[in-house]
Trainee: 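Dropping the structure in here first, questions after.
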Amino acid sequence: MIRTAFLLALATIVSAVEISGAFARATAPGQGAAGVFMTVKNPSDQPVEVTGATSSRAGRVELHRTETGADGVKRMVHQPSITIPAKGQVVLAPGGLHVMLLDLTAPLTEGSTIDLDVTLGDGTKVTTPVIVKWAGATDATAEKPSCCP
Amino acid sequence: MSFRPVIISLVVLALAGLALAFAPTGTTARPDQGDARPFQLRDTEGNLVTDTSLRGQVVLLYFGYTFCPDVCPTELGYVARVLRAMGDDVERTTPLFVTVDPERDTPELLKGYAPLFHPRIRALTGTPEELAAVFKTFGVTARKVPGAGSHYLMDHSSSITVLDRQGRVAATIGSTDTIARSVTTLRDILGKP
Ligand SMILES: [Cu+2]
């Protein structure tokens with residue numbers, strides 16, 4: 001009985017947000033950083049904060065937003081958290097928000113899958129596989145142009 | 001007799017001054033703007049690459065850094081897709097990735113990075129002086145910004161400058177343009193002497 005209640009509670013926590021389409025781009029040996037993009041859906045009727053992430057493949061992970069200045073200059077700005085609205089979703093996509101993997105332990109090779117645990121405001125974690133796509137991919141389903149190695 | 005060239009020189013200087021005063025400051029270059037712009041950089045083998053060594057090729061110049069996981073891969077991926085759409089004309093097109101972060105972008109790293117996008121993309125670096133001169137020549141902004149821990153990021157211009165076969169700035173393209181539009185732009189430039 002207690003066990004069932006515990007499992008139910010766990011299931012509720014696990015489904016706090018749903019992550020789909022997570023992808024990263026292949027990196028070269030020695031490259032220090034990679035971005036992870038994904039869709040984070042919040043089916044609950046309360047807003048949920050994404051406060052960070054961890055991966056066995058990165059020494060450090062941050063949340064970033066790319067901003068463009070009036071002069072066309074691009075910059076990445078650290079975000080303390082990302083709010084996923086109730087019954088809504090936030091798309092982390094190139095040119096906007098991304099999860100920034102720093103201090104990569106090894107290059108990300110195209111076609112492989114890496115792990116990512118996304119941390120929520122209440123301390124729970126949501127695990128998602130991250131597919132490593134072609135270095136120039138702009139979405140999770142993009143095919144690599146036939147030209148490229 | 002002898003003062004005429006002096007007057008002409010003065011007029012030319014004055015015009016040049018005016019041109020400089022009204023030159024666009026950000027990243028957007030005007031089409032068919034001025035003369036060839038001299039520059040000197042090095043490839044990942046240490047060989048000199050200059051504006052004159054690239055004459056006859058349409059050059060796509062992109063300035064970025066490998067510690068840039070969002071904007072740079074998007075633009076280089078775009079360059080790769082444009083090159084693919086150009087068919088045989090790709091042989092007369094030279095895409096260059098010039099690092100704005102020579103401190104971390106070693107030749108070895110650059111050598112592995114550029115071909116991830118397209119085999120024709122050549123990565124270039126240079127001495128701090130050479131790079132500063134190139135940024136100035138092409139109106140590129142590159143600012144080091146402290147990040148967390150030992151990391152730093154670079155604020156940088158992110159448009160692709162197209163040089164015609166004489167080394168003149170002929171257009172600016174970027175991933176917000178359709179592939180077809182940029183292919184047309186590049187073919188137009190290739191068709192001109
Ligand atoms: Cu970032």
Side-chain angles (χ1 to χ4, degrees), chain A residues 23-37 58-78 80 92-104 107-110 132-139 142-149, chain B residues 25-28 64-86 90 101 104-106 108-121 123 139-143 145 147-151 153-159 172 174-176 179:
Chain A
F23 76 99
R25 292 148 157 179
T27 64
Q31 204 179 320
V36 181
F37 307 95
R60 182 185 179 88
V61 183
E62 295 178 359
L63 306 174
H64 283 186
R65 181 193 293 278
T66 297
E67 291 176 359
T68 308
D71 51 0
V73 172
K74 305 276 186 180
R75 59 180 58 93
M76 290 191 289
V77 182
H78 177 258
L92 284 69
L97 291 161
H98 60 269
V99 173
M100 176 102 160
L101 306 182
L102 300 157
D103 297 331
L104 295 176
L108 306 185
T109 48
E110 188 184 338
V132 180
K133 303 288 292 181
W134 168 55
T138 46
D139 64 72
E143 289 302 318
K144 179 166 67 168
S146 57
C147 61
C148 305
Chain B
T25 49
T27 53
T28 354
Y65 66 120
T66 71
F67 203 93
C68 163
D70 182 0
V71 172
C72 304
T74 298
E75 295 304 318
L76 291 173
Y78 176 79
V79 167
R81 289 184 291 134
V82 168
L83 294 174
R84 180 196 179 212
M86 288 190 68
V90 82
D101 184 14
R104 285 183 298 204
D105 287 344
T106 62
E108 296 73 40
L109 172 49
L110 290 171
K111 199 193 268 184
Y113 180 76
L116 288 178
F117 299 91
H118 193 284
R120 276 191 76 81
I121 300 178
V140 171
T141 301
R143 277 190 299 263
V145 180
S150 59
H151 297 296
L153 302 171
M154 299 291 299
D155 290 356
H156 67 111
S157 315
S158 183
S159 54
T172 303
S175 64
T176 50
I179 301 285

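Just so we're clear, the structure is a prediction, and the values are computed from it rather than from any experiment. Quick note on labels: first sequence line is chain A, next is B, and so on, each numbered from 1.
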Trainee: Would you say B/Arg143 and A/Val73 make side-chain contact, with heavy atoms under 4.5 Å?
Mentor: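 Yes. Closest side-chain heavy atoms under 4.5 Å.
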Trainee: Pick from B/Leu110, B/Asp105, B/Leu109: which one makes a side chain to side chain contact (heavy atoms under 4.5 Å, CB included) with A/Gln31?
Mentor: B/Leu109
Trainee: Working to the nearest 0.5 Å, report the span between OG of B/Ser158 and CZ of A/Arg75.
Mentor: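 The distance works out to 12.5 Å.
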Trainee: Looking only at non-hydrogen atoms, find the nearest pair between A/Leu102 and B/Phe67 and report the distance.
Mentor: CD2-CZ, 3.4 Å
Trainee: Donor-acceptor pair, distance only, cut-off 3.5 Å: does the side chain of B/Asp70 make one with the backbone of A/Pro94?
Mentor: no
Trainee: With a 4.5 angstrom heavy-atom cut-off, which part of A/Met100 approaches chain B: side chain, backbone, both or neither?
Mentor: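 Contact with chain B is through the side chain of A/Met100 alone.
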Trainee: Can you name the closest pair of heavy atoms from B/Phe117 and A/Trp134 and give their distance?
Mentor: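 Here B/Phe117 and A/Trp134 meet closest at O-CZ2, 3.7 Å.
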Trainee: What part of A/Thr27 gets closer than 4.5 Å to chain B, counting heavy atoms only: side chain, backbone, both or neither?
Mentor: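 Just its backbone gets close to chain B.
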Trainee: List the atom of A/Gly35, the atom of B/Pro69, and the distance in Å for their closest heavy-atom pair.
Mentor: N-CB, 3.1 Å
Trainee: Counting heavy-atom pairs under 4.5 Å with chain B, which one of A/Val36, A/Thr138, A/Thr66, A/Thr68 comes out on top?
Mentor: A/Thr66
Trainee: Restricting to pairs with a member in residues 109-118 of chain B, which pass salt bridge (charged side-chain N to carboxylate O under 4.0 Å, His left out), not counting sequence neighbours?
Mentor: B/Glu45-B/Lys111
Trainee: Side chain, backbone, both or neither: which part of A/His98 has a non-hydrogen atom closer than 4.5 Å to chain B?
Mentor: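 Side chain of A/His98 only, per the 4.5 Å heavy-atom cut-off to chain B.
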Trainee: B/Pro73, B/Gly77, B/Gly112: which one forms the most heavy-atom pairs within less than 4.5 Å of chain A?
Mentor: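 Sorted descending by pairs with chain A, the first entry is B/Pro73.
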Trainee: Can you find a pair of side-chain heavy atoms, one from A/Arg25 and one from B/Thr74, that are under 4.5 Å apart?
Mentor: yes
